[in-house]
Amino acid sequence: MTFQAPKGTFDWLPPRSEQVLAVREALVAPVRRAGYGYVETPVFEDTQLFARGVGESTDIVTKEMYTFPDKAGRSLTLRPEGTASVVRAVLQHGLHTGQLPVKLWYSGSQFRYERAQRGRYRHFWQVGAEALGAEDPALDAELIVLAARGFSSLGLRNVTLLLNSLGDGNCRPAYRAALQEFLRGLDLDDETRARVEINPLRVLDDKRPEVQARLGGAPLVADHLCAACKAYHEEVRALLTAAGVAFEDDPRLVRGLDYYTRTTFEFTHGGLGSQSAIGGGGRYDGLSEMLGGPPLPSVGWALGVDRTFLAMESEGLLGDAAPGRVQVYGVALGDDARRRMFLLVAELREAGVSADMAFGGKGLKGAMKGAGRSGARYALILGERDLAAQAVQVKDLTTAEQTEVPLARVVEVLKGKVQ
RNA sequence: GUGGGUGUAGCUCAGUUGGCAGAGCGCCAGGUUGUGGUCCUGGAUGUCGAGGGUUCAAGUCCCUUCACUCACCCCA
């Protein structure tokens, strides 16, 4: 062993890598059907984008970013999340000056410098969707429904949707002050006490039992929402109910990014251990302005691909049957036959038939073994005898039935067999 | 950043009061000189995570260190 993947990272290898690809596609499919367009942004951005967008007081910004100077001395950061980049791209290219909302989805690597554990890695994969430039509870509901459909299309049953509203610029300051006053009266450790001053809402999210025990009488945001926020939230709830998406009201659900306003939600799964969130998001009406743009009320989510994979594994949804990698596998004996097989395999691929062949000068037995392992339905056997007869043996590996087919017709015949 | 657990073959793991480095799976070859998946036979593969110490002798005991992993914190 010479090198290994950096701490907190891991490799996806076949056959699991094929499965994770399918998971990613399944999560994205509902969004694409809803008219969201694909956006791809750089893996690194100006550090200030995240500092201002995600929030200076968040753990992500204060402790978890991969920040580095480039050769010209610019401070860059590997993206710890996707929303800030999407908003930046929308503003930079003026997408918001066209018809609203702008609906976008993305899929890609995210990076956070954290101590790794099950379901939490320094390099992880998210798919995300954002709808920018419209304040409409139907948009919040649409995104939540699309995420729920993504999870259910994978067969996941043990998923819980938690829902809350954080209020807006009108009602949140008063709530924040009331909460702060309550929290200051509690006996808390220094770190938590500091959080009370910087971001009191996140204290509600603390999972430590001794902290939770003290939060019993804490004021809840639901009781402090202004009329507009309350009506908005009720509409989101009603739409979800109408769409048949079950949810739980969680007045303590806060989430760790500063830009959220009004609707927040999280999808959790019971099979993951402590890293139970497999997706989450919310409304971020003020983010555009924080990044120097015009008011652009928006909502979005990100779903964790790796965590969704783990959730599926815990529900036994992955199976262990490796899917066939190719439909046809070539076995050649002798140099002349090998050269001919090389061309035949290329012709098959051109014709739309997936094909592989034995490499490395294996004997017949070893090559046939390779055919079996490839998962191919058909093996093509070409020896000197067959070559002389301008024919190839086509063997059905599931029935062991073997027929001779003229070389000139074999592509056509196989095309018909695998259709 | 804090606390636990685990490091032995490619993988999953045994290894007794300290006494020749092991099994299953996988891989390779043969049984079958032109036929896989089953079966039988044989074979290869080790810095026992690393460094130091105790001992006639260390995978095993002691110290240090590294890696992985789980949990806390936080989050997808």
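In what follows, every chain begins at residue 1, and chains take the letters A, B, ... in the order their sequences are listed.
- A/E114 has its CD atom 13 Å from the P atom of B/G1, to the nearest Å.
- A salt bridge links A/K103 with A/E142: the closest approach of a Lys/Arg side-chain nitrogen to an acidic carboxylate oxygen falls below 4.0 angstrom.
- Comparing B/A76, B/G36, B/G34 against the side chain of A/A400 picks out B/G36 as the nearest.
- Rounded to whole angstrom, the span from the CD1 atom of A/I381 across to the P atom of B/G37 amounts to 13 Å.
- B/C75 and B/A58 have their C1' atoms separated by 45 Å, with the value rounded to a whole Å.
- When the shell of 6.0 Å around CZ of A/F68 is examined, it contains more than 12 heavy atoms from other residues, nucleotides or ligands.
- Here, B/G49 and B/U6 have their C1' atoms 11 Å apart, quoted to the whole Å.
- Looking at heavy-atom distances under 4.0 Å, A/L397 makes contact with a base.
- Within 4.0 Å of A/G119, counting heavy atoms only, lies at least one base atom of the nucleic acid.
- Rounded to an integer number of Å, the gap from CZ of A/R195 to P of B/C74 is 4 Å.
- As rounded to the nearest Å, B/G3 and B/G10 have P atoms that lie 34 Å from one another.
- A gap of 32 Å separates the C1' atoms of B/A71 and B/G24, to the nearest Å.
- Here the side chain of A/K365 is nearest to one of B/G31, B/C27, B/A76, namely B/G31.
- Taking the side chain of A/E64 as heavy atoms from C-beta on, and the options B/A76, B/C74, B/C27, the nearest nucleotide is B/C74.
- Heavy-atom distances to RNA chain B give each of A/Q126 and A/A116 a nearest nucleotide, and the one nearer the 5′ end belongs to A/A116.
- A gap of 10 Å separates the P atoms of B/G15 and B/G7, to the nearest Å.
- For A/K369, counting side-chain heavy atoms from C-beta on, the closest listed nucleotide (B/C68, B/G34, B/C28) is B/C28.
- A/R88 has a carboxylate O that lies under 4.0 Å from a charged side-chain N of A/E45, or vice versa, which qualifies the two as a salt bridge.
- With a 3.5 Å limit on both pairing distances and Watson-Crick or G-U wobble geometry required, the stems of 3 or more pairs in RNA chain B span B:1-7 with B:66-72, B:10-13 with B:22-25, B:27-31 with B:39-43, B:49-53 with B:61-65.
- A/R307 places a side-chain N or O within donor-acceptor distance of the main-chain N or O of A/G119, the cut-off being under 3.5 Å.
- Closest to the side chain of A/Q393, out of B/U35, B/C28, B/A71, is B/U35.
- Taking the six-membered ring for Trp and thresholds of 30 and 60 degrees, A/H123 and A/W125 have ring planes inclined between 30 and 60 degrees apart.
- Rounded to an integer number of Å, the gap from A/Q110 CD to B/C75 P is 16 Å.
- In this structure, A/Y378 reaches neither bases nor backbone, as no heavy-atom distance under 4.0 Å exists between it and the strands shown.
- In this structure, the ring of A/F151 has its center less than 6.0 angstrom from the ring center of A/F267.
- The phosphate of B/C75 has neither OP1 nor OP2 within less than 4.0 Å of any side-chain N or O from A/R307.
- The separation of B/G51 from B/U45, taken at their C1' atoms, amounts to 26 Å, rounded to a whole angstrom.
- Distance, A/R373 CZ to B/C27 C1': 8 Å, rounded to whole Å.
- Considering only side-chain atoms of A/R120, the nucleotide from B/C74, B/G30, B/G34 that sits closest is B/C74.
- With hydrogens and angles ignored, the 3.5 Å screen pairs no side-chain donor or acceptor of A/D11 with any backbone N or O of A/L13.
- A/D356 meets the side chain to side chain donor-acceptor pair (under 3.5 Å) test with no other residue; sequence neighbours excluded.
- Remark on RNA chain B: of its neighbouring residues A/Q402 and A/T9, the 5'-side contact belongs to A/Q402, judged by nearest-heavy-atom nucleotide.
- For the P atoms, the distance from B/C56 to B/C66 is 32 Å, rounded to whole Å.
- Under a 3.5 Å cut-off, the side chain of A/T47 and the backbone N or O of A/S75 do form a donor-acceptor pair.
- Which of B/G34, B/C72, B/C75 sits closest to the side chain of A/R115 comes down to B/C72.
- A close approach under 4.0 Å does occur between a side-chain nitrogen or oxygen of A/K7 and OP1 or OP2 of B/C68.
- The gap from the C1' atom of B/G22 to that of B/A9 amounts to 10 Å, rounded to the nearest Å.
- When rounded to the nearest whole Å, the span between CD of A/E384 and C1' of B/U33 equals 14 Å.
- Between A/F10 and A/Y121, the distance from one ring center to the other falls under 6.0 angstrom.
- Atom C1' of nucleotide B/U35 and atom CD of A/E401 are separated by 15 Å, given to the nearest angstrom.
- Look at A/Q117 and you'll find a side-chain N or O under 4.0 angstrom from OP1 or OP2 of B/C72.
- Taking atom CG of A/L204 as the reference point, atom C1' of B/C75 lies 16 Å away to the nearest angstrom.
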